[in-house]
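Contents: one structure, followed by commentary.
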Number of protein chains: 2
Amino acid sequence: MDRCEVVGSLLIMVLMSADAEPRPLRERGNLARRSASWTIAHATETGAEPAGAQSIQRALVLLNLVAVLARDRPGGVSLSELTRVSERPKASVRRVLLALVQAGYVEQDPETSRYRLGLQAAVLGELASQGADRLGAVSTDSLIRLSDVSSDTAFLTVRHGSYAVCARRQEGPGPIRNYALAVGDRHPLGVGAGSLALLSALPDDEVAAVLSATAAARAQYPRFDDETLHRLVRRSRKAGYALNDGLFIAGSWAVGVVVRDADDRPVAALSVATIAERLGRQRREELVEVLQREAETMHTALTRRTQP
Amino acid sequence: MDRCEVVGSLLIMVLMSADAEPRPLRERGNLARRSASWTIAHATETGAEPAGAQSIQRALVLLNLVAVLARDRPGGVSLSELTRVSERPKASVRRVLLALVQAGYVEQDPETSRYRLGLQAAVLGELASQGADRLGAVSTDSLIRLSDVSSDTAFLTVRHGSYAVCARRQEGPGPIRNYALAVGDRHPLGVGAGSLALLSALPDDEVAAVLSATAAARAQYPRFDDETLHRLVRRSRKAGYALNDGLFIAGSWAVGVVVRDADDRPVAALSVATIAERLGRQRREELVEVLQREAETMHTALTRRTQP
DNA sequence: GATCTCTGGTCCACATTATGGACCGTTGCG
DNA sequence: CGCAACGGTCCATAATGTGGACCAGAGATC
């Protein structure tokens, strides 16, 4: 019933919650345990415009929920869990799920009657990362090489407004796994290595704008106050790479560098995460060198693709 | 205004159209030119149950449309084109698009104001192909190897009801490109190499069931009558692989083999497509050998993953 | 420069649409 | 045998999405 314990990673999903107000997180014993309902509450910076398509919003939120929850439960998510987590009546959840199933975005295991992402979701993702200058196609090889040479976990982080989203993740061959960041997780810019690399690449005025935009959301990240972030940005700019030295989760370190698109705008970041012990000065510099090489590879790939 | 000509591939998308009746395709000059509106009309075998979530259905259809159309237009799709193709009032389309944009599944180019798939779509796909025994993760390496050694285009096709959907596609390094099949395209089982491999792997009664289920839809595929398909199935079973010798698009040939999951059920197919000249008996057999090896690799990967 | 037409985008009275509390049948537990 | 939790369904209510009409701007064409 509950090996579902989120392994110590904070699930923070790119969800625009139906309700806007960032509900005051009620700690529940274990500090690392935050229910996915909190995840939902984590609204976007777009101040919840009450556009005229709320059922669609709700449907997509539910789709995201299925995605995130099924990530940690190989068997799929149960209806009751979805209703609990989404905090909506069961009938509504089921109705929406039916629609998603019918469209192929979600599939329901005929035996266990649990829900998980369907074929159409995979197809959509394939199409999303395929087109032209999309990062997906360009990043694959780099991520594989990075995780290979480092034996650690490599990430592709992209910017989304004032936030950074983990878009891809590649496990290395080594035995050490890092569960601090999973695909879909979202944090304010500056929180995490890739995220910090992105923030540091912005001009000063944008940094300030981002910091004020995420000020409220950063209540959840007590270690990342404005001053700390400013300091981190300065350090990253000076060093040419971003270092996450365990501020987010103690002992979980990472280094990241920014990736620029054809117009030299920072659009993504490559990072490698591991445990503190494996990021001594020496190894760190080796890793940064590889990271920068791969970032450059991606940059030229992006440039080449958008030329013609 | 119209370099948008679909390059000669038939777009057939996995869409459950809002309206059910498979509208009588009006040929319009060029025989290979079928407007995407036809694409939509191509309803699923699920006979359009009028479930209580029509706005969601419509939204997802529109999302699919953005995906398919943006595939051929690197810049994105214009609002007017979406309204034309979806055959709904502009206001409605726009309202839904706004919702999709707000949710991050679609993004709008601030300069050209065209729409294309957004970040969330990529994240969703990543999560969809990531989990446990998902084919996405397992197929990547095989597809890359296949396209590498063949210098042609490699495909992963999965079964969806009585249809086959192209789930992934990997271009080879060679100069020859095959546009007969793109990610998201859907054809009745039996039409195409991978699709035929899947069909041939089914027991006789299921083959019969599939054929009768797709009988109506196959009106669009005049070359693939029941008798022909039965013959093709027999040939494929005897040979151990499926051969598409240009029946679908003249000169476009392909070979495919089936991939079985942990329970030995046929769930997908690997195939390589190229031009007729590059599929002589000799080369064909070499390719089949490689295909079978990769299918076996995927099978063991799928088995291993679902054991614990 | 007046006109025509093609964009993308917005408005709002209307009725089609989604909503969710109550309910049912099963399963598993003490 | 109850009790609780599960997946799933029903249907009166009102909230929700709908889409024809409209506006402004950008090229063409004369």
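Chain naming here is simple, since letters A, B, ... match the order of the sequence lines and numbering starts at 1 in each.
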(request) Give the nucleotide from the list D:dG19, D:dG17, D:dC6 with an atom nearest to the side chain of A:Arg84. (result)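 Among D:dG19, D:dG17, D:dC6, the one nearest the side chain of A:Arg84 is D:dC6.
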Atom-to-atom span, [atom1] of [X] to [atom2] of [N] - whole angstrom:
X: A:Glu111; N: C:dT27; atom1: CD; atom2: C1'; answer: 17 Å
X: B:Arg58; N: D:dG17; atom1: CZ; atom2: P; answer: 11 Å
X: B:Gln54; N: D:dG17; atom1: CD; atom2: P; answer: 13 Å
X: A:Glu87; N: C:dG21; atom1: CD; atom2: C1'; answer: 18 Å
X: A:Leu97; N: C:dT19; atom1: CG; atom2: P; answer: 12 Å
X: B:Gln57; N: C:dT17; atom1: CD; atom2: C1'; answer: 14 Å

side-chain hydrogen bond (donor to acceptor under 3.5 Å, both in side chains) with [X]: which residues, sequence neighbours excluded?
X: A:Tyr115; value: A:Arg94, A:Gln108
X: B:Ser212; value: none
X: B:Thr83; value: none

(message) Between the side chains of A:Arg169 and A:Asp185, is the shortest nitrogen-to-carboxylate-oxygen separation below 4.0 Å, so that they form an ion pair?
(response)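 Between A:Arg169 and A:Asp185 there is no salt bridge, as every charged N stays at least 4.0 Å from the carboxylate O atoms.
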(message) Treating B:Asp261 as the side-chain partner and B:Asp263 as the backbone partner, does any N or O pair qualify as donor plus acceptor under 3.5 Å?
(response)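 Checking the backbone N and O of B:Asp263 against the side chain of B:Asp261, a donor-acceptor pair under 3.5 Å is found.
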Set of residues satisfying side-chain contact (heavy atoms from CB on, under 4.5 Å) with respect to [X], sequence neighbours excluded:
X: A:Pro203; value: A:Asp205, A:Glu206
X: A:Asp264; value: A:Arg260, A:His299
X: B:Thr112; value: B:Asp109, B:Arg114
X: B:Ala268; value: B:Leu135, B:Leu156, B:Val158, B:Val259

(message) Categorize B:Ser92 for me: base, sugar-phosphate, or nothing, with a 4.0 angstrom heavy-atom threshold over every strand shown.
(response)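 Result for B:Ser92 = base.
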(request) Kindly calculate the angle separating the two end axes of the helix from C:dG1-D:dC30 to C:dG30-D:dC1, each obtained from five base pairs, and round it to 10 degrees. (result)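 Terminal axis comparison yields 30°.
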What's touching nucleotides 7-12 of chain D from the protein side, N or O pairs under 3.5 Å?
{"residue": "D:dG7", "atom": "OP1", "partner": "A:Leu79", "partner atom": "N", "Å": "3.2"}
{"residue": "D:dG7", "atom": "OP2", "partner": "A:Ser80", "partner atom": "N", "Å": "2.8"}
{"residue": "D:dG7", "atom": "OP2", "partner": "A:Ser80", "partner atom": "OG", "Å": "3.2"}
{"residue": "D:dG7", "atom": "N7", "partner": "A:Lys90", "partner atom": "NZ", "Å": "3.2"}
{"residue": "D:dG7", "atom": "O6", "partner": "A:Lys90", "partner atom": "NZ", "Å": "3.3"}
{"residue": "D:dG8", "atom": "OP1", "partner": "A:Gln108", "partner atom": "NE2", "Å": "3.0"}
{"residue": "D:dG8", "atom": "OP2", "partner": "A:Arg94", "partner atom": "NH1", "Å": "3.4"}
{"residue": "D:dG8", "atom": "OP2", "partner": "A:Gln108", "partner atom": "NE2", "Å": "3.3"}
{"residue": "D:dG8", "atom": "OP2", "partner": "A:Tyr115", "partner atom": "OH", "Å": "2.8"}
{"residue": "D:dG8", "atom": "N7", "partner": "A:Lys90", "partner atom": "NZ", "Å": "3.3"}
{"residue": "D:dG8", "atom": "O6", "partner": "A:Lys90", "partner atom": "NZ", "Å": "2.5"}
{"residue": "D:dT9", "atom": "OP2", "partner": "A:Arg94", "partner atom": "NE", "Å": "3.2"}
{"residue": "D:dT9", "atom": "OP2", "partner": "A:Arg94", "partner atom": "NH2", "Å": "2.7"}

